[in-house]
Amino acid sequence: MAGLETTGSNPDVGLLYDINGLTATAPDWVDRVVTVAGEYGLILALVLLTVWTWWRVRRTDCREEAAGAVAAVVWAPLAAGIALLVNIPIRGFVGRPSPAEQHRGIEELVAVRGDFSFVSDHATLAMALAVGLFIAHRRAGLAGIALAVLLGFSRVYLGVHYPTDVIGGLALGTAVALLLSPLASALLTPLTKLIARSAKVGRLVWSPKGTRDEVGSVEEEQEQEQGRERQDDGVRQESGAVGVSRRRDRDLAA
């Protein structure tokens with residue numbers, strides 16, 4: 001398929017020149033910072049935010065709540081991976097060349113790998129991850145969305161994507177993370193609930209923040225349950241013995 005509109009009269013192209021043109025007046029250190037951030041830094045920040053979110057949502061006194069939240073956190077990177085897979089046929093179908101191949105005067109600060117421009121993989125991955133985090137933890141998700149938007153801006157600044165490439169990536173990542181979330185929750189939540197009940201790896205899903213461990217380990221809960229069962233058995237046995245003794249007394253009295 002022919003690429004998207006690339007003429008200079010297109011507002012998309014005009015915005016590309018405006019943003020990428022900032023490199024002409026920006027200090028060299030700004031270009032280096034944006035290059036590192038746009039290539040690796042912001043993605044790494046999102047990964048660290050994902051780890052922090054997992055650590056945070058485990059800290060609740062409700063095991064069911066923790067299992068659901070951890071399932072949502074697990075869904076975030078899975079959504080990012082699925083969104084990237086969905087993007088593969090889209091890029092090939094649209095077939096849009098990179099900006100530097102179509103326009104003079106574009107300052108390309110990083111090497112383009114020769115693939116097509118629409119949709120931006122970086123923006124797709126970042127937004128899918130951010131929206132997945134938003135489902136699990138609102139504040140972490142908002143921070144992730146801000147990082148994803150900054151990442152998208154950096155890709156245009158670096159001259160490797162048109163603004164619509166980034167907008168398309170943000171939309172694709174959001175769509176995948178939201179539309180498939182109910183199915184992912186239905187599949188992942190039973191698994192996280194099962195893990196939360198495990199004595200060995202339960203802390204991966206549920207780590208209560210209270211001072212009491214009622215809250216605590218599954219082993220202690222099991223011991224308490226066994227103790228209650230033994231106590232109930234003792235009560236029943238004692239009641240049976242009392243009943244037998246009373247029947248004997250009645251027989252002797254007769």
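Residues Arg155 and Leu158 are in side-chain contact: their nearest non-hydrogen atoms beyond the backbone lie under 4.5 Å apart. Taking the side chain as every heavy atom from C-beta outward, Trp206 and Ile195 never approach each other to under 4.5 Å. Using a 4.5 Å heavy-atom threshold, the side chains of Asp121 and Arg91 count as touching. With contacts defined as side-chain heavy-atom distances shorter than 4.5 Å, the pair Val30/Pro27 qualifies. By the 4.5 Å heavy-atom criterion applied to side chains, Val119 and Asp165 are not counted as neighbours. Side-chain atoms of Val156 and Asn20, non-hydrogen and from C-beta on, never get closer than 4.5 Å to each other. Looking only at side-chain heavy atoms (C-beta outward), Val160 and Pro99 stay at 4.5 Å or farther from each other. Counting only heavy atoms from C-beta outward, the side chains of Leu178 and Ile135 approach each other to under 4.5 Å.
Leu172 CG to Asn87 CG: the interatomic distance, rounded to the nearest 0.5 Å, is 5.5 Å. Leu129 CG to Leu147 CG: the interatomic distance, rounded to the nearest 0.5 Å, is 10.0 Å. Note that CG of Leu150 and OH of Tyr157 are 13.5 Å apart. Values are rounded to the nearest 0.5 Å. Rounded to the nearest 0.5 Å, atoms CG (Leu204) and CH2 (Trp55) are 10.0 Å apart. Ser98 OG to Ile106 CD1: the interatomic distance, rounded to the nearest 0.5 Å, is 10.0 Å. The structure places CG of Leu170 at 5.5 Å from CE of Met127, a figure rounded to the nearest 0.5 Å.
Criterion: ILVMFWY side-chain heavy atoms under 4.5 Å apart, direct or through other members. Under it, Leu49 and Val74 are not part of a common hydrophobic cluster. Residues Val110 and Trp29 fall within the same hydrophobic cluster, defined by Ile, Leu, Val, Met, Phe, Trp and Tyr side chains chained together at heavy-atom separations under 4.5 Å. Transitive grouping of hydrophobic side chains (ILVMFWY, heavy atoms separated by less than 4.5 Å) keeps Leu133 and Val205 in distinct clusters. There is no path of hydrophobic side-chain contacts, each under 4.5 Å, that joins Phe116 to Ile88. Placement of Val73 and Val47 in two distinct hydrophobic clusters is found when ILVMFWY residues are connected by side-chain heavy-atom separations under 4.5 Å, directly or transitively.
Counting Ile, Leu, Val, Met, Phe, Trp and Tyr side chains that sit under 4.5 Å apart, directly or through other members, Leu179 stands alone, with no cluster partners. If you chain together ILVMFWY residues whose side-chain heavy atoms come under 4.5 Å of each other, Leu194 ends up in a group of its own.
Side-chain atoms of Thr164 and Asp12 include a donor-acceptor pair closer than 3.5 Å.
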Inset, instruction - Report the C-alpha separation of Ile19 and Phe153 in whole Å, then their side-chain angles, then the decisive distance to 0.1 Å, and conclude whether the side chain to side chain contact (heavy atoms under 4.5 Å, CB included) test is met. - result: CA-CA 8 Å; Ile19 297 175; Phe153 178 86; 3.8 Å; yes
Inset, instruction - Before giving the answer on side chain to side chain contact (heavy atoms under 4.5 Å, CB included), spell out for Leu109 and Val34 the whole-Å C-alpha distance, their side-chain angles and the decisive distance to 0.1 Å. - result: CA-CA 9 Å; Leu109 299 184; Val34 176; 5.9 Å; no
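For the pair Arg58 and Trp54, the cation-pi test (distance below 6.0 Å, angle within 45°) is passed. Cation-pi contact between Arg138 and Phe134: present, with separation from the ring centre below 6.0 Å and deviation from the ring axis of at most 45°. Remark: Arg96 is positioned above the aromatic ring of Tyr162, its terminal NZ or CZ atom under 6.0 angstrom from the ring centre and at most 45 degrees off the axis.
Taking every heavy atom of both residues into account, Ser117 and Pro97 meet most closely at CB-O, 3.5 Å. The two atoms that bring Ala83 and Gly173 nearest to each other are CB-CA, 4.4 Å, heavy atoms only. Here the shortest heavy-atom pairing between Ala69 and Val57 reads CB-CB, 3.6 Å.
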Enumerate, atom names and distances included, each donor-acceptor pair closer than 3.5 Å involving a side-chain atom of residues 186-193, sequence neighbours excluded.
| from | atom 1 | to | atom 2 | distance (Å) |
| --- | --- | --- | --- | --- |
| Thr189 | OG1 | Ser185 | O | 2.8 |
| Thr189 | OG1 | Ser185 | OG | 3.3 |
| Thr192 | OG1 | Ala67 | O | 2.9 |
| Thr192 | OG1 | Leu188 | O | 3.4 |
| Thr192 | OG1 | Thr189 | O | 2.8 |
| Lys193 | NZ | Glu64 | OE1 | 3.0 |

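No donor-acceptor distance shorter than 3.5 angstrom exists from the side chain of His122 to the backbone of Leu151, with no hydrogens or angles considered.
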